[in-house]
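Only heavy atoms go into these numbers, but all of them, side chains included; no hydrogens, no water, no symmetry mates.
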Amino acid sequence: MGDAFTEVVIEVDDAQGKPILMQTHPSTEEVTVANERIANVHPWSNNDPYLYQLWITLRDDEGQVVEVVPYQFGFRRVAISSDHVLLLNGFRLIINGVNRHEWDCHTGRCISLADMRFDIDTFKKNHINAVRTCHYADRLEWYDMCDRAGIYVMAETNLESHGSWQKMGQVEPPYNVPGSLPQWKAAVVDQARTNYETLKNHTSILFWSLGNESYAVDDLVAMHDFYKHADPDRLVHYEGVCRRPSYRDRLSDFESRMYLPPKQVTQYLSNHPEKPFIECEYMHSMGNSVGGMKDYIDLVKEYPQDCGGFIWDYIDKALLVHDPVTGKEVLRYGGDFDDRHTDGAFCGDALMFANRREKPSMQEVRYYYGQC
């Protein structure tokens with residue numbers, strides 16, 4: 001801070017604008033606010049996303065306001081009970097989630113505020129209460145919207161190295177990235193640190209995720225330990241540990257799997273599970289899909305240790321182009337642009353078409369998520 005600032009005023013108001021905390025501090029290089037107890041806090045949740053208002057005001061030596069920094073935040077507590085049930089504010093939490101890539105059929109990965117507002121409204125209409133930011137950090141405004149709407153966020157670190165340990169469809173990990181290689185350790189921990197420092201003040205973030213499909217190795221343990229040390233009040237997720245059970249005691253607060261069939265989910269949940277179970281990806285909404293959702297929802301109802309999961313995924317990745325043959329605007333994907341080799345329609349694996357029209361499968365999601 002420069003010499004122009006002489007005092008810092010910290011104020012917290014409730015949602016009705018009533019002040020509940022006021023402090024004044026001299027302006028120094030670092031201003032520390034000691035822990036303050038606020039009585040009768042109003043907890044934040046999906047059904048009641050109650051936010052308090054923080055104001056940080058800088059004044060000069062004449063008492064004039066130089067700068068005001070506003071920020072909204074909520075109070076909530078996420079934890080795992082002694083019997084391995086996921087809790088929010090002391091009550092069982094069920095994740096009715098989706099994985100969501102940032103996508104717009106006109107502009108690709110450059111999305112707009114209108115896109116994000118539309119997505120939040122779609123979540124609300126269809127009883128979707130959670131989102132996994134697969135597999136990178138999103139536009140900052142998205143987290144603000146999730147704070148205000150009460151959407152639970154699994155904030156994923158920007159890391160995926162699938163092809164380094166799975167080759168030609170087979171698990172083949174003698175050399176993988178980042179592995180336990182010392183030359184990668186600082187880089188991946190820095191990815192976790194960047195994710196944390198950028199997003200740590202968002203109430204909506206309940207879980208940090210170490211990344212996606214990067215095997216289970218010592219460098220991932222270093223990321224896990226960073227999050228646990230920096231932010232012990234949130235939970236850490238990582239699915240790849242299922243590939244190497246020997247790391248279970250050092251990686252992830254969850255038993256996380258992708259597309260595990262209901263019978264195998266039952267086997268885990270009925271055998272004294274040591275961690276809550278979550279499907280970080282399931283259903284794979286491609287083609288005539290999502291019809292088997294009832295089996296998963298029945299397990300959520302039967303086993304308290306089943307947290308639910310995140311459907312793969314929310315929106316197709318396709319581009320809207322003009323078809324010179326028919327004269328119509330059409331959605332196109334891999335191979336439609338004379339690109340070879342391609343994954344074909346494999347990027348059409350979501351609950352929404354790329355132009356943000358709901359697919360019929362969303363009806364199934366709305367029905368079953370509405371039961372939890």
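- One N or O on the side chain of Lys124 and one on the backbone of Ala149 form a donor-acceptor pair closer than 3.5 Å.
- Linking ILVMFWY side-chain heavy atoms closer than 4.5 Å, directly or via other members, places Val31 and Val9 in two distinct hydrophobic clusters.
- With salt bridges taken as basic N to acidic carboxylate O contacts below 4.0 Å, none links Arg139 and Glu102.
- In this structure, Phe75 and Phe73 have perpendicular ring planes: the angle between them is above 60°, well past the 30° mark.
- Between Val290 and Ser285, the closest heavy-atom pair is CG2-OG, 3.5 Å.
- Remark: Tyr238 engages no residue in a side chain to side chain donor-acceptor pair (under 3.5 Å) (not counting sequence neighbours).
- Taking 4.0 Å as the cut-off between side-chain N and carboxylate O, Arg248 and Glu255 count as a salt-bridged pair.
- Using a 3.5 Å distance cut-off with no hydrogens or angles, the side chains of His237 and Ser256 do pair a donor with an acceptor.
- Taking the six-membered ring wherever Trp is involved, the centroid distance between the rings of Tyr314 and Phe123 falls below 6.0 Å.
- Residues Tyr50 and Arg76 form no side-chain contact, since every pair of their non-hydrogen atoms from C-beta on lies 4.5 Å or further apart.
- Note on Asp138 versus Arg100: salt bridge recorded, some NZ/NE/NH1/NH2 to OD/OE distance being below 4.0 Å.
- Side-chain polar atoms of Asn47 and Ser45 form no donor-acceptor pair below 3.5 angstrom.
- For the pair Lys359 and Phe353, the cation sits on the ring face: its NZ or CZ lies under 6.0 Å from the ring centre, inside 45° of the axis.
- Relative orientation of the Tyr152 and Trp44 rings is perpendicular, given thresholds of 30° and 60° on the angle between their planes.
- Geometric assessment of Arg250 against the ring of Tyr247 yields a positive cation-pi assignment under the 6.0 Å and 45° thresholds.
- The side chain to side chain donor-acceptor pair (under 3.5 Å) check on Asp231 picks up Trp208, Arg234, with sequence neighbours excluded.
- Of the charged side-chain nitrogens involved, none lies within less than 4.0 Å of a carboxylate oxygen, so that Arg117 and Asp121 do not count as a salt-bridged pair.
- Ring geometry, Trp312 versus His135: the interplanar angle falls under 30°, so the pair is classed parallel (tilted spans 30 to 60°).
- Contact check on Arg132 versus Asp313 returns no salt bridge, with no Lys/Arg side-chain nitrogen under 4.0 Å from an Asp/Glu carboxylate oxygen.
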